[in-house]
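Nothing here was measured: the structure is a model prediction, and the numbers come from that model. Residue numbers start at 1 and run along the sequence shown.
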Amino acid sequence: MNKKPLLISAAFVLIHIVFIAPFVPVANILPAALGALSMSSMALTLILAARWRIVDRIMGGPDKSYGAHRWLGFCALGGALGHWALASSVGAGVLPVLAESGEDVGNLAAIVLIVLTVAAMARAIPYHLWKASHMLMGPIFLLAAYHTFFVASPLAVGAAPWTVMAVASAVGLLAWGQTLLRKVAPTRLLTVESATPFDGGVDVTFRSDVPLKPFRAGQFATIAHNCARAEAHPFTIAGGDETSRRFVIRSAGDWTADFVQTVQPGDTFRLGRGVGRFLPQTGVRRREQLWVAGGVGITPFLAALEQMEPDSGARVTLIYCIRSRESAGAISDIEGHATRLPQLDLIVLSDRAQDRLTPARLTDIVRKMQKNSEVYLCGPEGLKSLVTDVWEIVGMSGRIHSERFDFRGAYGLTDLIYIGKPVMNAARQLLQRGKENVHASAGSGR
């Protein structure tokens, strides 16, 4: 597991404890700090969910915002559980007559927060149900805010932590309101111009009657059916011009499976604006780059190649890992660009042909590149780990660019097995040591 989020989360918790400590009695520091942790985490999740452009830019892209959103959810839950277990009614609150109702509302908010967080973590729950339940986080935050400011509390009204939480709550509610407005705001309506199926997916192009906002190669946009309260799903833009957008979509869930099987020319969909910070460099002044794509992870590179012109700039090596040519959307387009662009080295590896990307093979490719070359990764986590490990072993100094597209970040059976296996192994070792100690004690007593 990546230690960086854990360290940042630990520091985030510590900041709350240090900030609260001077303003409450010693016995109330931990429960008050945990309550503040839960409130600020919930407020920040709402701010991140609002998708303000400046916030996404600060975070380094929408995928980084979603990752932070997820960890803040864990902090909100942990803080709520700790506060719920340790807190007791102390002090007066803003309106003493509402103190008892503030405590009841806080208990309700904690219970519902637990249920919704568990639902968000379980991949077995269908996406559309999770999405609907997740919209309840706003009302839960309202209940938590009522509890925070009206329950009997050792934190004095107007104290610095109280003021900070009040401001954070106000901004969080503003963000939630904007999120709700965005759900009903008009989006760009496009018509399906062509839909070309391939094994496991579809290559689809949408056309607009009016010019669309420009996008950058590597960005993604949301697609939704043209109906009320339709789910919007993010997909990387594979290309397009002033009035069109192309996507190569693989069946990977209930929504995409239905889309792949049913989409037809003439259908209408709602399209969001292009967003994201995964931007392969195509200009002549670029550094040498390694692009690695797995399956439909080719889409940002397809858009980049479409915009690239033949030049004498730094080399670009594209490794395209596929299951088979039949399952590789737009493979002919990629090969066409390789023929058109002298600066591009294309390597297509097919599982069906037993031609896979191995650490040794990748090492040979990377060693021939300049040390300050940059790598862009788009594909499954295993492929990303392979490239990252080789990049570090070879000692490359260039930056690694990637985006996480599993925005839900839920856990399935495979994840639980992966997480639980080390725990089970540790338990077996402790049990074995216990048995050995018993036998040793019995032997020494003879």
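- Aromatic ring centroids of F269 and H225 lie under 6.0 Å apart.
- Within a 6.0 Å sphere centred on CZ of R285, heavy atoms belonging to other residues, nucleotides or ligands number 12 at most.
- Formation of a donor-acceptor pair under 3.5 Å by the H69 side chain with backbone atoms of T45 is found in this model.
- For the pair L302/H337, a side-chain contact is recorded, criterion being any heavy-atom separation below 4.5 Å from C-beta on.
- Within the 4.5 Å cutoff, no side-chain heavy atoms of I322 are placed close to those of D351.
- Using a 4.5 Å heavy-atom threshold, the side chains of L44 and I47 count as touching.
- Taking a 6.0 Å sphere around CZ of R340, one finds it holds more than 12 heavy atoms contributed by other residues, nucleotides or ligands.
- Using a cut-off of 4.0 Å between Lys/Arg side-chain N and Asp/Glu carboxylate O, E326 and R352 are scored as salt-bridged.
- Annotation: salt bridge (Lys or Arg N to Asp or Glu O under 4.0 Å) contacts of R361 (sequence neighbours excluded): D355.
- Listed here is the closest heavy atom pair of G239 and A303: N-CB, 3.9 Å.
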Could you check R325 against E335 for salt bridge (Lys or Arg N to Asp or Glu O under 4.0 Å), going step by step and ending with a plain yes or no? CA-CA 12 Å; R325 292 188 64 87; E335 292 173 335; 2.8 Å; yes

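- Annotation: side chain of L212 is in contact with side chain of R188 (closest heavy-atom distance under 4.5 Å).
- For an aromatic pair to be called close, the ring centres must be under 6.0 Å apart, and F235 with W255 satisfies this.
- More than 12 non-hydrogen atoms from other residues, nucleotides or ligands lie less than 6.0 angstrom from CZ of R286.
- At least one side-chain heavy atom of Q264 sits less than 4.5 Å from a side-chain heavy atom of D267.
- Between the side chain of Q307 and the backbone N or O of T282, no donor-acceptor pair lies under 3.5 Å.
- For an aromatic pair to be called close, the ring centres must be under 6.0 Å apart, and F149 with W162 satisfies this.
- Salt bridge absent: E374 and R399 never bring a charged side-chain N and a carboxylate O closer than 4.0 Å.
- Judged purely by atom type and a 3.5 angstrom limit, Q289 uses its side chain to pair as donor or acceptor with the backbone of Q281.
- Residues satisfying the side-chain hydrogen bond (donor to acceptor under 3.5 Å, both in side chains) criterion with W84, sequence neighbours excluded, are N107.
- With a 4.5 Å cut-off on side-chain heavy atoms, W71 and S41 do not count as touching.
- In this structure the side chain of L362 reaches within 4.5 angstrom of the side chain of L386, judged on heavy atoms.
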